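Reviewing the structure listed below.
Small disclaimer: the values here were computed from a predicted structure and weren't measured. Chain A is the first sequence line, chain B the second, and so forth, proteins listed ahead of strands; every chain is numbered from 1.
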Amino acid sequence: MGKLVLIDGHSILNRAFYGVPELTNSEGLHTNAVYGFLNIMFKILEEEKPDHLAVAFDLKEQTFRHKMFADYKGTRKPMPQELHEQVPLMKEVLTAMGVPILTMAGYEADDILGTIAKRCQAEGEEVSVVSGDRDLLQLADTHIKIRIPKTSRGTTEIHDYYPEDVKREYQVTPTEFIDVKALMGDTSDNIPGVPSIGEKTATNLIVAYGSIENAYAHLEEVKPPRAKKALEEHYDMAVMSKELAQICITCPIPFAYEDAKIENLYTPEAYQYMKRLEFKSILARFDVQDMGGNSVEEHFWSVEDLSGAEQIFEKAKGAKQVGCQLILAENQVAGLTVCIGEEEIYTIPAAGFLTGNYLCDHLEELIAKRDPALEPVAVLDLKSQLPYLNLDYGSAVVDMGVAGYLLNPLKDTYEYDDLARDYLGMTVPSKTDLLGKQSLAKALEEELPEAVTCGCYMAYVACKAAGVLKERLEKEGMLKLYREMEMPLIYSLYHMEQAGVRVDKEQLKLYGEQLEGKIATLEQEIYELAGEKFNINSPKQLGEILFERMQLPHGKKTKTGYSTAADVLEKLAPEYPVVQKILEYRQLTKLNSTYAQGLAGFIREDGRIHGKFNQTITATGRISSTEPNLQNIPVRMELGRAIRKVFVPEDGYVFVDADYSQIELRILAHMSGDERLINAYRDAQDIHAITASEVFHTPLAEVTPLQRRNAKAVNFGIVYGISAFGLSEDLSISRKEALEYINKYFETYPGVKQFLDEQVKLGKEQGYVTTMYGRKRPIPELKSGNFMQRSFGERVAMNSPIQGTAADIMKLAMIAVDRELREKHLRSRIVLQVHDELLVETHRDEAEQVVQILTDRMKHAADLKVSLEVEAHTGDNWLDAK
DNA sequence: ACATTGTAG
DNA sequence: TAGTGCTACAATGTT
């Protein structure tokens, strides 16, 4: 058995026209009705998954109804021009998708639909008839469902009617429905009714008598008298109206069921139409690979001659919107791509006269001399290009990757294909699709045509996305954040990466060797105590040795076996010397492999590590550090923190290390507005002790170390989105006790409780939470039906505004510090950022001044209800500067 | 590619 | 009911 969907073309188009806000493409064509129609159609196709589909349209010609009734004016009010011009367009689009269009002289679309619906039902098919016109309800039948889309509050709902549904809503059967209509008349269809009979009376009459004819036969009984009189006088008119409203189900329409079979709606022709009409969300449904490629690729060019390149730069200079991208190999420029509008996208490989330098100089000039009346040059990843361009804060350039990050920080990548999909509704081949594992620079050198395609897409997407992303940022209230925080930060991070941090290679090597010596000893001792050799680094083997062969009591289990995590082993360590040794071994091997060996591999010729600082990774707005990670250098344990001694300033310089004291808690005080917390943090020396004093109602001087420790844990817990379980784990207390602490805390600081609850509420309502500066963190987990997921979402909702605001403030501070150091031409530079800490390498002579600058800029990066406190220290290595 | 572990704020 | 406090990155072993 098949399933057929029939659509009343004019009716749905009409409904879409009034339901969808005005929409035109760049040619000025009105497209809203076609757009709305397609959306309704796709929605129904997705729901029903029919195997057959056809759309019926009315024709201009007179129908049999005109002959029946001389005054019959036609079926519809005159269409507005804006809708009228969309009818042929709609038909073209449907034809391009291979959907049959049914019309027939002398009949209306209703009649065609009715005829085919009944015919197919008789042949055993399931039929859905989609229309905005309720007159079609008369067609409802056991296997014919009438579907009426209703737009309310922006969303389209589809109401379905089988005969029982009609009965429920109108008290009459589908066949009787026409009689009701005929009695009351239908102004929109110019069907005359019986005067003074309204919907109520008409329904009552038909419910009682089943038809107009039968009611007339029982005229004497008809009530009220008014209706009786009207029916008597206008009976002929009523019958005529009924005939007019009656859908003809026997029109001689040639229709082969097989012709309506849905083969493939997503044809290249249809794709071209969607493109021309600029239906981005619909375009996204198409698989571009099948479309014979994006037609924009027709405008991708490779330019290899000097005069060609000159012309491009000349033209780019005056173009309103330009997209560019330097193509970089290891340490050199392999090419430049430029997009100037829809049809001019160029890849210029660096070769011959077109040297890398030439290309960089021109790109630099294009940006540096950009006419302020034009849009800034759009690029994908500015920081990676800055080494080749002499640009600084405020240049006329925007980074599309960073913009994409602000709009959705949860994504893994912000490459051109991601941006094209998310913001242009285009499916374009990714770099990997085009080049596999090969680098773009390499492919360009080898003159692979795919390299030109890939390069051009980069410039094209940057260019096209610029307007869209700007609009979106504006709409979401993040344009200021983008322009005044994220864009400038690119330069700060670039300067920091360029500066790098000096690491004493010899000392690091020595440190590693010491570790290795101790590791070798420990290793032997462990084998001895365990009674056999095994790979201590393998949690699997270690678990088997400890918990099976040696029969130690095991704690929690992981998916794959016994957990050998530190917190489990620590509980066993006092009783089992081997476990203690394993813990030490773990610590040492960690230090050796990740830090001693790991860092050594990143020291460059200049004796410095130039790690990467990434701006588009974290969900909260923090920056992250890779290759190597310089934000997790040990400090908590004595042995580990010794590594920090190998981080040293260059000769004649010192380190100034400045860190925010309790920035997250201060932000909590500010954002929650809790008076008591604000007062506590005004001028606070020991915040945790004050919290303990207030929560436990103890004079500050009498706060015990335990009380302070508990208060500190609660403080941390609050920032992380506390749970009784988490706190109980942290403090090794019962869940009940933990809950009591939390409740006491909230009693003491009710504003904090209110604030955290509010964040969860906002998160659920909006799907995201925001920082003080408007940065958004989407939290899809809040909508999850899974308790775990949802709880996670709730904690994230509580934590992100705080962590994110701290990140924002640090970013502002960094930018301010970097700018001032540079503007004053100081021999000082930021070398590391560790979330709430800045490490600056400064000439000895400037140390005092730099301490001032750092402290001042960091303290005043934000104006909160509590002061921001900064601790700054000077030292000859990172450890001593802490 | 994924899991486990351990560093940091 | 289960199972939990947030954000990252890297080394190692296992599949």
Please give, in whole Å, the distance from [N] [atom2] to [X] [atom1]?
X      : N     : atom1 : atom2 : result
A/L542 : B/dG6 : CG    : C1'   : 14 Å
A/Y595 : B/dA8 : OH    : C1'   : 7 Å
A/N629 : B/dG9 : CG    : P     : 11 Å
A/F716 : B/dA8 : CZ    : P     : 13 Å
A/D412 : B/dA1 : CG    : C1'   : 14 Å
A/I667 : B/dG9 : CD1   : P     : 16 Å
A/K556 : B/dT5 : NZ    : C1'   : 11 Å
A/E664 : B/dA8 : CD    : C1'   : 13 Å

Is the closest side-chain heavy-atom distance between [X] and [Y] below 4.5 Å?
X      : Y      : value
A/F647 : A/I633 : yes
A/D757 : A/K753 : yes
A/V503 : A/R608 : no
A/I667 : A/L665 : no
A/L380 : A/Y414 : no

Please work out if [X] contacts a base, only the sugar-phosphate, or nothing of the nucleic acid, heavy-atom cut-off 4.0 Å.
X      : answer
A/K590 : base
A/T564 : sugar-phosphate
A/A806 : nothing
A/S563 : sugar-phosphate
A/E837 : nothing
A/A566 : sugar-phosphate
A/N535 : sugar-phosphate
A/V719 : nothing
A/I617 : sugar-phosphate
A/Q803 : base
A/E729 : nothing
A/Q597 : nothing

inquiry  = Between B/dG6 and C/dG5, how far apart are the two P atoms, rounded to whole Å?
reply    =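 Taking atom P in both B/dG6 and C/dG5, they lie 15 Å apart.
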query = Looking only at atom C1', what distance separates C/dA2 and B/dT5, rounded to whole Å?
reply =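 Here C/dA2 and B/dT5 have their C1' atoms 25 Å from each other.
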request  = For the pair A/D417 and A/K431, find out whether any cationic side-chain nitrogen is under 4.0 Å from an anionic carboxylate oxygen.
outcome  =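 No, A/D417 and A/K431 are not salt-bridged.
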task = Salt-bridge test for A/E765 and A/K761: reply yes if a basic N is under 4.0 Å from a carboxylate O, no otherwise.
result =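 A/K761 and A/E765: salt-bridged.
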message = Does the structure place the NZ or CZ of A/K383 under 6.0 Å from the centre of the six-membered ring of A/Y494, at an angle of no more than 45° from the ring's axis?
response =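 Relative to the ring axis of A/Y494, which defines the angle, A/K383 lies outside at least one limit.
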request  = Evaluate ring-ring contact (aromatic ring centres under 6.0 Å, His included) for A/Y741 paired with A/Y745, printing each intermediate quantity in order.
outcome  = CA-CA 6 Å; A/Y741 286 173; A/Y745 183 96; over 10 Å; no
query = Is the distance from OP1 or OP2 of B/dT4 to the nearest side-chain N or O of A/T560 less than 4.0 Å?
reply =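 So the side-chain polar atoms of A/T560 do come within 4.0 Å of the phosphate oxygens OP1 or OP2 of B/dT4, strictly under.
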Contact under 4.0 Å: A/T558 side-chain N or O vs B/dT4 OP1/OP2 =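 Looking at the OP1 and OP2 atoms of B/dT4, one of them is under 4.0 Å from a side-chain N or O of A/T558.
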task = Using only heavy-atom distances, decide whether a donor-acceptor pair under 3.5 angstrom links the side-chain of A/R636 to the base of B/dG6.
result =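 Checked by distance alone, the answer is no.
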query = Under 3.5 Å, is there an N or O donor on one side and an acceptor on the other linking the side chain of A/R586 and the base of B/dG6?
reply =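 By the distance-only test, no, there is no pair.
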request  = Mind listing the residues from residues 754-791 of chain A sitting with a heavy atom below 4.0 Å of DNA chain B? Number order is fine.
outcome  =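 None, since no heavy atom is under 4.0 Å.
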ask   = So, does A/D433 use its side chain to make a donor-acceptor pair with the main chain of A/S430 at under 3.5 Å?
value =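 Yes.
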query = If you measure only the distance, is there a donor-acceptor pair under 3.5 Å linking the side chains of A/T626 and A/N629?
reply =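 Result is no, nothing qualifies.
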key: Residue mapping more 5' on DNA chain C - nearest nucleotide basis, A/A713 or A/K540   =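 In this pair, the answer is A/A713.
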query = Reading DNA chain C 5' to 3', which nucleotide is the first, and which the last, to come under 4.0 Å of any heavy atom in chain A?
reply =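 From 5' to 3', the first and last contacting nucleotides are C/dA2 to C/dT15.
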